[in-house]
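Since the structure comes first, as structure tokens, the remarks are kept for the end.
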Amino acid sequence: MILVTGATGSIGTHLVRLLQEKGVAFRALVRDGGKGRALGCDVVTGDFDDPGSLAAAMKGVDRLFLNAGGAQPVDGEQPMVRQQKAAIDAARAAGVSRVVKVSVSGAHRGGRLAQGAHWEIEEYLKASGLGWSMLRPGGFMQNFITGTAAFTADGKLLDVYGGAPVAYIDCQDIAACAAALLAGSGGLGETYELTGPRALTYAELAQEFSAALGRRVEHAELSPDELAAGVRAQGLPARFADDLAELSRQVASGSLAATTTAVRDLTGREPRTFGEFLAANAEALRAGPASTAGW
């Protein structure tokens with residue numbers, strides 16, 4: 001039995017569908033029962049901040065898909081560290097044999113925001129005695145549909161990476177890699193850097209959006225300092241703003257430009273291109289932030 005956390009999120013919804021297609025026994029841990037029931041699978045309601053609900057969710061589970069939240073604009077430790085450590089403790093107490101964790105590209109000791117937080121969780125998982133596999137994706141293609149920060153108010157693609165290419169990945173491919181590990185026996189003790197098939201600059205992304213929308217989409221650059229200033233203007237902590245600016249500088253230096261064969265190695269097929277992603281999500285694209293592009 002597999003327990004899927006983050007089941008209603010960008011990765012989890014795809015993973016639920018893939019496990020259903022494989023006919024693998026699993027249940028989904030959700031905070032919102034209504035959203036959970038819409039998944040059409042066995043659902044348990046719980047929360048990473050509620051140890052009792054975690055223990056109940058783990059009953060009869062032998063494999064765990066660990067994915068929960070991202071970096072938050074808080075001072076001090078990122079909440080995900082406490083939350084995912086609690087899930088690992090519950091998994092160990094329940095006799096879970098294997099955890100497939102979604103981490104982040106570039107996770108390392110002392111890293112900014114998610115990079116440092118995920119590294120700490122990775123180390124905790126490795127020391128837990130549980131079997132483990134780490135998935136380290138870079139930027140999500142889905143952020144261009146769900147994240148309003150990807151576009152300016154007048155619909156231009158917002159480039160905070162100084163024109164550097166990024167090998168964005170479709171969350172469906174992350175889910176496919178997770179499904180292969182959860183339903184199979186390989187990959188124990190392995191860390192997989194997940195990318196799309198090609199790194200694209202924002203000028204190239206604008207061309208992809210133009211083709212998908214049937215009208216011209218432009219892009220605009222925002223420097224790391226301008227990014228930080230805008231975040232502070234929203235009333236968010238200065239440290240959070242500075243961390244975002246530093247991460248932006250790292251990507252601008254090429255930290256997310258390299259591509260890997262991990263998706264193909266795990267799934268037996270090539271990862272989806274950005275154009276294929278846009279075509280598959282045309283309806284959401286036209287209803288989302290990109291809908292004003294070029295107007």
Side-chain angles (χ1 to χ4, degrees), residues 6 9-11 67-84 101-123 134-152 156-171 174 191-196 198-205 219-260 262 274 289:
S10 297
I11 300 171
N67 182 39
Q72 300 296 314
V74 298
D75 290 318
E77 183 180 79
Q78 283 291 321
M80 74 168 81
V81 175
R82 177 190 71 253
Q83 293 166 344
Q84 294 197 29
K101 172 180 162 46
V102 176
S103 183
V104 67
S105 180
H108 65 280
R109 182 197 293 270
R112 305 293 181 105
L113 299 176
Q115 288 183 339
H118 279 298
W119 179 86
E120 186 174 344
I121 299 164
E122 284 187 6
E123 293 301 300
M134 310 294 184
L135 299 178
R136 287 183 171 182
F140 293 178
M141 293 181 184
Q142 274 74 6
N143 289 346
F144 289 95
I145 292 177
T146 62
T148 56
F151 292 87
T152 64
K156 294 179 181 177
L157 272 175
L158 190 56
D159 180 6
V160 297
Y161 302 139
V166 177
Y168 288 102
I169 184 169
D170 189 335
C171 288
I174 304 172
T191 297
Y192 297 93
E193 299 284 343
L194 305 182
T195 73
R198 178 185 168 208
L200 299 170
T201 65
Y202 270 70
E204 291 169 325
L205 289 170
H219 69 286
E221 290 193 13
L222 189 72
S223 73
D225 289 339
E226 290 171 329
L227 171 64
V231 172
R232 290 192 200 96
Q234 297 175 40
L236 298 176
R239 180 177 176 182
F240 181 74
D242 292 341
D243 284 348
L244 285 177
E246 175 56 28
L247 290 173
S248 175
R249 293 186 186 96
Q250 291 177 17
V251 179
S253 71
S255 66
L256 294 181
T259 59
T260 73
F274 199 82

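Computed from a predicted model, the values in this text were never measured in an experiment.
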Ignoring hydrogens and angles, write down the donor-acceptor pairs under 3.5 Å from the side chains of residues 231-239, residues two or more places apart or on other chains.
from, atom 1, to, atom 2, distance (Å)
R232, NH2, D242, OD1, 2.4

Set of residues satisfying salt bridge (charged side-chain N to carboxylate O under 4.0 Å, His left out) with respect to [X], sequence neighbours excluded:
X	result
E77	none
D159	none
R136	E122, E193

If you look at every heavy atom in [X] and [Y], which pair is closest and at what distance?
X	Y	value
G138	I169	N-CG2, 4.4 Å
P137	I174	CB-CD1, 3.6 Å
A220	T152	CB-CG2, 4.5 Å
C171	S10	CB-O, 3.4 Å

Can you tell me if Q84 uses its side chain to pair, donor with acceptor, with the backbone of I121 under 3.5 Å?
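Absent.
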Q78 side chain to Q72 backbone, donor-acceptor under 3.5 Å:
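Here the side-chain-to-backbone pair exists.
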For N67, side-chain hydrogen bond (donor to acceptor under 3.5 Å, both in side chains) partners two or more places apart
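With sequence neighbours excluded, N67 shows a side-chain hydrogen bond (donor to acceptor under 3.5 Å, both in side chains) to no residue whatsoever.
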List the residues meeting side-chain contact (heavy atoms from CB on, under 4.5 Å) with [X], not counting sequence neighbours, and say none if there are none.
X	answer
T195	A167, T259, T260
E226	L222, S223
P165	A199, T201, A257

Residues H118, K101; criterion side-chain contact (heavy atoms from CB on, under 4.5 Å); working and verdict:
CA-CA 10 Å; H118 279 298; K101 172 180 162 46; 2.8 Å; yes
Show which side-chain atoms of residues 247-254 pair as donor or acceptor with protein atoms under 3.5 Å away, not counting sequence neighbours.
from, atom 1, to, atom 2, distance (Å)
S248, OG, V160, O, 2.2
R249, NH2, D225, OD1, 2.8
S253, OG, Q250, O, 2.6

Working to the nearest 0.5 Å, report the span between [atom1] of [X] and [atom2] of [Y].
X	Y	atom1	atom2	answer
L227	L244	CG	CG	5.5 Å
L157	L205	CG	CG	6.5 Å
L194	F140	CG	CZ	9.0 Å

Run the ring pair (Phe, Tyr, Trp, His ring centres under 6.0 Å) test against Y202 and tell me which residues pass, sequence neighbours left out.
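By the ring pair (Phe, Tyr, Trp, His ring centres under 6.0 Å) rule, Y202 matches no residue at all.
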Would L256 and Y168 count as a side-chain contact (heavy atoms from CB on, under 4.5 Å) if you check the C-alpha gap in whole Å, the side-chain angles of each, and the deciding distance to 0.1 Å?
CA-CA 8 Å; L256 294 181; Y168 288 102; over 6 Å; no
If the plane angle is over 60° it's perpendicular, under 30° parallel, otherwise tilted; pick one for F274 and F144.
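It falls in the perpendicular class, over 60°.
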Dump the intermediate steps for side-chain contact (heavy atoms from CB on, under 4.5 Å) on L158 and H219, then the final yes or no.
CA-CA 6 Å; L158 190 56; H219 69 286; over 6 Å; no
